[in-house]
**Q** 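My questions all concern the structure below.
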Amino acid sequence: MSNSVPPSNTVSDLTGLNCAQGLCTFLGLVLLISALLMPFLPIPGVIPGGALCLIALMNVPRMRLSARIIALVVVIFGLFTLTSNSAHLDPALQRAGFLAAFLVSLGLLSSAAERCKDVRKAATVVASQPQGSRYLFVTLGTHILSVFLNFGAASLMGSLLSRRLDELRQQKSVLQLTLALLRGFAAMPMWSPLALSMIITLSMVPEVSYLDILPWGLLGGAIYITTGYFISRGIRAGASVQAGKSSVDERAAILKVLLRVCGLVGATFGLYLATDLQLPACVFYASLAFSMTWILVQYCSGGVPAPTVTFSHAVNGGINEIVMVSGAGFLGVVIAQSIGALEVLPQLLPGMLPLIAASIPVLMVLGGLIALNPIVTASVLLGLLHPVWPQEQMLWLAVPTILGWGITASSSPFTANVLIATRLMGLSSATTVYRGNGVLTLLSLGVACVVPALSLILLQ
């Protein structure tokens, strides 16, 4: 999730690769191969790190200001680490390279999903529901699509809804459906194994299992969506919830999308349970295999660009997200390693843990309100806290982080999904998140702060 509207993932307008794109494609392939081999071979961090740096340098003119700032901070930290303790540099470069490769795999998955007729048909069915049921369908539809598309789900659903903007204005439901879209997306980072929130958190808190986080993430997402629904019904009481009629083809399209989501999540879980790999690696392998198979099937069916063009766009078109995510991962490792190397680590008193755990979601949201990307906020917080957090209580460092991440997704006017949705729906991003979603944000923060703090108190 970025701090401004990302470039489109559509690749249909690309018919070939120039020299620079070809070189970036090759470097992206180096990133992928390095990430694939990392769990099994001692790949030096300079290989994926060097490839990532060259890709970033070649795309500097296309970077947004936020990505350039992160890149500059990474360079400063990298030079300082190289001169003070170069041993910390290799794991940081490995982490940055892996996260960059992971973003490329998600870009491939998003491209395949955007071109899929079933995905677009399912989204159309969701957006065309009658007034009484449209809010719930948009919320759940965006939630499911965001597993594949990430913030591309906001773009797809927002585009479909904006085609009926005059009708929605007459029904006075523009704000309501925009909030439905945002809330559906925001619940996804709380549980999805493909979400950046989960990958960043588990990469920096490897002591915690995804299966330990999952129940709390599902509970948090369910509470968030349910509370948002009842708030919306209170604001806009109207027709009863009744789904519109859909054809056999439309129901089949929705079923196919659900089956693809279940298949991808199931493949990730199967790999996670059958091997000793950590979840981030399992997600990377599963999403890459899934997306490449999907892309090859689409290519063989005709009418889509060659896989090399799709891959090139995933590398070059997602450069801002790649720099932001991999740079934040680099900084998190450097900070954690530097604190861990101290001869005397700061001591956290048991009574401080509930207070700190409760403050994490608040800090995540406050960071979003000042245009700080959740990727950066989470990486810095986890980098600072992980070395000094009690090993037996690591779960309560991870849970408030992912809950705070999800809440931030729809509480900051600077996140990509908010900017995309409000632009398409003709609304102010600040008004939408402050006035429209402010009550839900406060209620959700209360739950996200109290549950970890109370759990730590009870465990002491």
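Throughout, numbering of the chain's residues begins at 1 and tracks the sequence.
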**Q** Please round to the nearest 0.5 Å and tell me the distance separating atom CG of Leu54 and atom CG of Asn59.
**A** 11.0 Å
**Q** Can you tell which of Ser412, Pro413, Ser411, Ser410 makes a side-chain contact (heavy atoms from CB on, under 4.5 Å) with Val433?
**A** Pro413
**Q** Is Arg183 reaching over with its side chain to a backbone N or O of Thr139, donor-acceptor style, under 3.5 angstrom?
**A** no
**Q** Side chains of Ser105 and Tyr285 only: does a donor on one sit below 3.5 Å from an acceptor on the other?
**A** no
**Q** If I take atom CG from residue Leu103 and atom CE from residue Met324, how far apart are they, to the nearest 0.5 angstrom?
**A** 11.0 Å
**Q** Atom CD1 in Ile199, atom CE in Met204: separation rounded to 0.5 Å?
**A** 13.5 Å
**Q** Mark yes or no for whether Asp90, through its side chain, and Gly45, through its backbone, hold a donor-acceptor pair below 3.5 Å.
**A** yes
**Q** On a heavy-atom basis, which atom in Ser326 and which in Ala96 lie closest, and how many Å separate them?
**A** CB-O, 3.2 Å
**Q** Who pairs with Phe102 by ring pair (Phe, Tyr, Trp, His ring centres under 6.0 Å), at least two apart in sequence or on another chain?
**A** none
**Q** Is the backbone N or O of Gly152 less than 3.5 Å from a side-chain atom of Asn150, with the two atoms forming a donor-acceptor pair by type?
**A** no
**Q** Distance-only check: which donor-acceptor pairs under 3.5 Å involve side-chain atoms of residues 384-391, not counting sequence neighbours?
**A**
| residue | atom | partner | partner atom | Å |
| --- | --- | --- | --- | --- |
| His386 | NE2 | Glu207 | OE1 | 2.9 |
| His386 | NE2 | Glu207 | OE2 | 3.0 |
| Trp389 | NE1 | Gln393 | O | 2.8 |

**Q** So does Ser159 get a backbone contact from the side chain of Ser162, meaning a donor-acceptor N/O pair under 3.5 Å?
**A** yes
**Q** Any side-chain to backbone donor/acceptor pair from Thr422 onto Val418? Under 3.5 Å, distance only.
**A** yes
**Q** Would you check if the distance from the ring center of Trp191 to the ring center of Tyr210 is below 6.0 Å?
**A** no
**Q** Compare every heavy atom of Ala101 with every heavy atom of Leu32, then report the nearest pair and how far apart it is.
**A** CD2-O, 3.8 Å
**Q** Decide yes or no for Thr401 and Leu381: does some side-chain heavy atom of the first lie under 4.5 Å from some side-chain heavy atom of the second?
**A** no
**Q** Check whether any side-chain heavy atom of Ile144 lies under 4.5 Å from a side-chain heavy atom of Leu258, and answer yes or no.
**A** yes
**Q** What do the steps show when you test Ile200 against Leu99 for side-chain contact (heavy atoms from CB on, under 4.5 Å), and what is the final call?
**A** CA-CA 8 Å; Ile200 293 288; Leu99 291 174; 3.8 Å; yes
**Q** Could you pull out all residues at least two apart from Arg163 that satisfy side-chain contact (heavy atoms from CB on, under 4.5 Å)?
**A** Leu160
**Q** Less than 4.5 Å apart, side chain to side chain, heavy atoms only: is that true for Leu214 and Phe269?
**A** yes
**Q** Give me the atom names and distance for the closest heavy-atom approach of Gly28 to Ile55.
**A** N-CD1, 3.8 Å
**Q** May I ask you to test the Arg260-Trp294 pair for a side-chain heavy-atom distance under 4.5 Å?
**A** yes
**Q** Could you pull out all residues at least two apart from Met190 that satisfy side-chain contact (heavy atoms from CB on, under 4.5 Å)?
**A** Tyr224, Leu403, Ile407
**Q** Report yes if the side chains of Val283 and Leu271 come closer than 4.5 Å at any heavy-atom pair, otherwise no.
**A** no
**Q** Is the shortest side-chain heavy-atom distance between Asn437 and Leu182 below 4.5 Å?
**A** no
**Q** Got a donor-acceptor contact below 3.5 angstrom from the Asp212 side chain to the Val208 backbone?
**A** no
**Q** Of the non-hydrogen atoms in Leu424 and Ala154, which two are nearest, and what is the gap between them?
**A** CD1-O, 4.2 Å
**Q** Do Leu273 and Leu211 pass the side-chain contact (heavy atoms from CB on, under 4.5 Å) test, and can you show the C-alpha distance, the side-chain angles, and the key distance before you say yes or no?
**A** CA-CA 10 Å; Leu273 296 174; Leu211 296 179; 3.9 Å; yes
**Q** For atom OH of Tyr434, decide whether the heavy atoms of other residues, nucleotides or ligands shown that lie under 6.0 angstrom number more than 12.
**A** yes
**Q** Got Leu177 and Met157 here, is their nearest side-chain heavy-atom distance under 4.5 Å?
**A** no
**Q** Throw together a table of side-chain donor-acceptor distances under 3.5 angstrom for residues 360-372, partners on residues two or more places apart or in other chains.
**A**
none

**Q** Leu156 versus Glu114: any side-chain heavy-atom pair under 4.5 Å?
**A** no
**Q** Indicate yes or no for a side-chain donor-acceptor contact from Gln94 to the backbone of Ile43 under 3.5 Å, with no hydrogens or angles considered.
**A** yes
**Q** Has the side chain of Arg164 got a donor or acceptor atom that lies under 3.5 Å from a matching backbone atom of Ala127?
**A** yes
**Q** What are the two closest non-hydrogen atoms of Ala195 and Pro189, and how far apart are they?
**A** CB-CA, 3.8 Å
**Q** Is it true that Phe98 and Phe284 have ring centroids separated by less than 6.0 Å?
**A** yes
**Q** Rounded to the nearest 0.5 Å, how far does CG of Leu459 lie from CG of Leu454?
**A** 9.5 Å
**Q** Could you walk me through whether Met198 and Ser192 pass the side-chain contact (heavy atoms from CB on, under 4.5 Å) check?
**A** CA-CA 7 Å; Met198 203 66 69; Ser192 173; over 6 Å; no
**Q** Under the ring pair (Phe, Tyr, Trp, His ring centres under 6.0 Å) rule, collect the residues that match up with Trp216, sequence neighbours excluded.
**A** Trp396
**Q** Nearest 0.5 Å, please: how far is CD in Glu321 from CD1 in Ile375?
**A** 8.0 Å
**Q** Among Ile70, Val73, Leu93, whose side-chain contact (heavy atoms from CB on, under 4.5 Å) with Phe330 holds?
**A** Leu93
**Q** Does atom CZ of Arg435 have more than 12 heavy-atom neighbours from other groups under 6.0 Å away?
**A** no
**Q** Does the Arg115 side chain pair with the main chain of Ser110, one donor and one acceptor, at a distance under 3.5 Å?
**A** no
**Q** Measure from the side-chain N and O atoms of Ser291 to the backbone N and O of Leu288, and report whether any donor-acceptor pair falls under 3.5 Å.
**A** yes
**Q** Flag yes if more than 12 heavy atoms outside Phe77 fall under 6.0 Å of its CZ atom; otherwise flag no.
**A** no
**Q** As an exercise, state the distance from CG of Leu168 to OG1 of Thr178, rounded to the nearest 0.5 Å.
**A** 8.5 Å
**Q** Checking Leu264 against Leu109 for the side-chain contact (heavy atoms from CB on, under 4.5 Å) test, could you report, in this order, the C-alpha distance in whole Å, the side-chain angles of both residues, the deciding distance, and whether it holds?
**A** CA-CA 10 Å; Leu264 180 55; Leu109 183 63; 3.6 Å; yes
**Q** If every non-hydrogen atom of Val265 is compared with every non-hydrogen atom of Pro193, which pair is closest and at what distance?
**A** CG1-CG, 4.3 Å
